[in-house]
Amino acid sequence: MPSDQIPQPEFVDGPIMDYRRIGAYLNVPAELVRTWAARKKKGETGIPALLPDPIGEVAGKPVWRVPDIVAFRAAYLAHERRGGRRPSS
């Protein structure tokens with residue numbers, strides 16, 4: 001089977017996304033997504049805190065459910081519209 005016909009990996013809950021796909025979806029470099037994930041592990045606030053936890057790994061790299069990243073995108077865009085600031089309490 002040619003490599004372009006290899007089915008994409010999926011979990012029971014549906015399609016998954018890796019750094020590269022998340023970056024493409026958000027129009028940011030994949031390396032930035034990797035940085036957010038690393039900063040989330042360190043407990044940083046802002047965009048890293050908004051990133052959902054990965055559901056597992058494929059080939060040693062974290063992956064996320066598409067619906068989780070769709071929700072993250074909405075939170076990310078709202079954060080950017082606020083100029084990167086937290087909402088007022």
Side-chain angles (χ1 to χ4, degrees):
M1 172 183 298
S3 63
D4 63 334
Q5 294 179 5
I6 296 173
Q8 296 300 311
E10 292 186 9
F11 285 90
V12 174
D13 292 333
I16 58 174
M17 296 177 86
D18 59 6
Y19 294 129
R20 183 183 55 80
R21 289 181 181 203
I22 294 170
Y25 180 58
L26 298 175
N27 198 30
V28 299
E31 187 57 39
L32 180 56
V33 179
R34 187 183 327 267
T35 299
W36 290 339
R39 289 180 176 173
K40 179 182 178 80
K41 284 184 179 179
K42 294 178 183 177
E44 291 191 22
T45 60
I47 293 172
L50 300 174
L51 186 66
D53 291 328
I55 59 167
E57 292 185 348
V58 172
K61 299 198 176 66
V63 292
W64 291 260
R65 287 184 185 98
V66 169
D68 294 343
I69 297 304
V70 170
F72 169 70
R73 181 178 183 268
Y76 166 72
L77 293 175
H79 184 270
E80 292 299 295
R81 280 192 298 273
R82 290 190 306 270
R85 296 182 305 276
R86 292 186 198 174
S88 301
S89 313

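These figures come from a predicted structure and were not determined experimentally. Along the sequence shown, residues are numbered consecutively beginning with 1. Just the heavy atoms: all of them, side chains too, but no hydrogens, waters or symmetry mates, feed the values below.
Here the straight-line distance linking atom NE2 of His79 with atom CZ of Arg82 works out to 6.0 Å at 0.5 Å rounding. To the nearest 0.5 Å, atoms OG1 (Thr35) and CG (Leu51) are separated by 11.5 Å. Atom CD of Glu57 and atom CD1 of Ile16 lie 11.0 Å apart (nearest 0.5 Å).
Closest heavy-atom contact between Glu44 and Ala49: O-CB, 3.5 Å. Looking at every heavy atom in both residues, Ala30 comes nearest to Arg20 through CB-CA, 3.8 Å.
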Inset, instruction - Show the numbers, then the answer: is there a side-chain contact (heavy atoms from CB on, under 4.5 Å) between Val28 and Trp36? - result: CA-CA 11 Å; Val28 299; Trp36 290 339; 4.3 Å; yes
Legend entry - Working for side-chain contact (heavy atoms from CB on, under 4.5 Å), residues Ile22 and Arg73: CA-CA 9 Å; Ile22 294 170; Arg73 181 178 183 268; over 6 Å; no
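Trp64 has its ring centre no less than 6.0 Å from the ring centre of Tyr25.
Side-chain contact check for Lys61 versus Asp18: every heavy-atom pair is 4.5 Å or farther apart. Inter-residue side-chain proximity for Ile47 and Phe72 is flagged as met; some heavy-atom pair is nearer than 4.5 Å.
Heavy-atom neighbours of Arg39 CZ from other residues, nucleotides or ligands within 6.0 Å: at or below the threshold of 12.
When each of Val63, Asp68, Val33, Ile69 is paired with Met17, the side chain to side chain contact (heavy atoms under 4.5 Å, CB included) condition holds for Ile69 and for no other.
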